Amino acid sequence: KNQVEQSPQSLIILEGKNCTLQCNYTVSPFSNLRWYKQDTGRGPVSLTIMTFSENTKSNGRYTATLDADTKQSSLHITASQLSDSASYICVVAVDAGGTSYGKLTFGQGTILTVHP
Amino acid sequence: NAGVTQTPKFQVLKTGQSMTLQCAQDMNHNSMYWYRQDPGMGLRLIYYSASEGTTDKGEVPNGYNVSRLNKREFSLRLESAAPSQTSVYFCASREGFSGAPLHFGNGTRLTVT
């Protein structure tokens, strides 16, 4: 069964500190892994996508890593800001074999709270 | 650029009542999706439409119906609401390939009493 597990469930940090969120998956065949940010009361917004050949990708203060061998990804946030308070969701796509729809498996999310 | 627009934002229903959640996107995307989000669980796919004129069941379709009215609009109908359908519902759209990101609306918070 395809599964995506995220840890921790929730995290509280002080503004300016760094943090790392984890995502472990058992999805096969793997196509890609995407991180989304979901602000309270809003829909998720894509932060970055990782494909099989990519190990690290940065988007501003967000850096995602992927280890396809151990089926783990992490999202590192540098110099956190109050606006980083949100839920971060890991989503893994199954290889669709050339069709347009690849099944997506969602993690339950990590709730990050940044305090001043 | 509005993106994905959902209406209504909030709704309270009594058990057995019916309602339709509306969704429209202005990005000319082929694929559209309906998800529900419950506390402590990942988003779960209810129905999707890979292109205009087609719809398919997702993981949790029971109790729901959908209509892909045209390329822009994809509606979700609850014929006889149940308390188990209390949830936040998200509509999303994306380009017609699996590597594309989903673009979500801001959700409809539905309570069934």
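Naming: A, B, ... by sequence-line order, numbering from 1 per chain. Hydrogens, waters and symmetry mates are skipped; everything else that's a heavy atom, side chains included, is used. Quantities reported herein were computed from a predicted structural model and do not represent experimental measurements.
A/W35 and A/I111 fall into different hydrophobic clusters, where Ile, Leu, Val, Met, Phe, Trp and Tyr are joined by side-chain heavy atoms under 4.5 Å apart, directly or via other members. When the side chains of ILVMFWY residues are joined at heavy-atom separations under 4.5 Å, either directly or via intervening members, B/V60 and B/V88 end up in two distinct hydrophobic clusters. The hydrophobic clustering, which links ILVMFWY residues whose side-chain heavy atoms are closer than 4.5 Å, places A/I13 and A/L82 together. Put simply, A/L66 and A/L47 are part of the same group of oily side chains (I, L, V, M, F, W, Y) that touch within less than 4.5 Å, one to the next. Transitive grouping of hydrophobic side chains (ILVMFWY, heavy atoms separated by less than 4.5 Å) keeps B/L102 and B/I46 in distinct clusters.
At a threshold of 4.5 Å between non-hydrogen side-chain atoms, the residues A/F106 and B/L45 do not count as touching. Side-chain contact between B/Y35 and A/L104 is present, with at least one heavy-atom pair separated by less than 4.5 Å. The side-chain heavy atoms of B/L43 and A/Q108, taken from C-beta on, include no pair separated by under 4.5 Å. Side-chain contact between B/P101 and A/V45 is absent, with no heavy-atom pair separated by less than 4.5 Å.
Using a 4.5 Å cut-off between heavy atoms, B/Q6 does not touch chain A at all.
Atom CD1 in A/I89 sits 5.5 Å away from atom CD in B/Q37 (nearest 0.5 Å).
Within 6.0 Å of CZ on B/R109 lie no more than 12 heavy atoms contributed by other residues, nucleotides or ligands.
Across all their heavy atoms, A/Q38 and B/F90 have their closest contact at NE2-CZ, 3.3 Å. For the pair B/F104 and A/G43, the tightest heavy-atom approach, listed with the atom from each and the gap, is CB-CA, 4.0 Å.
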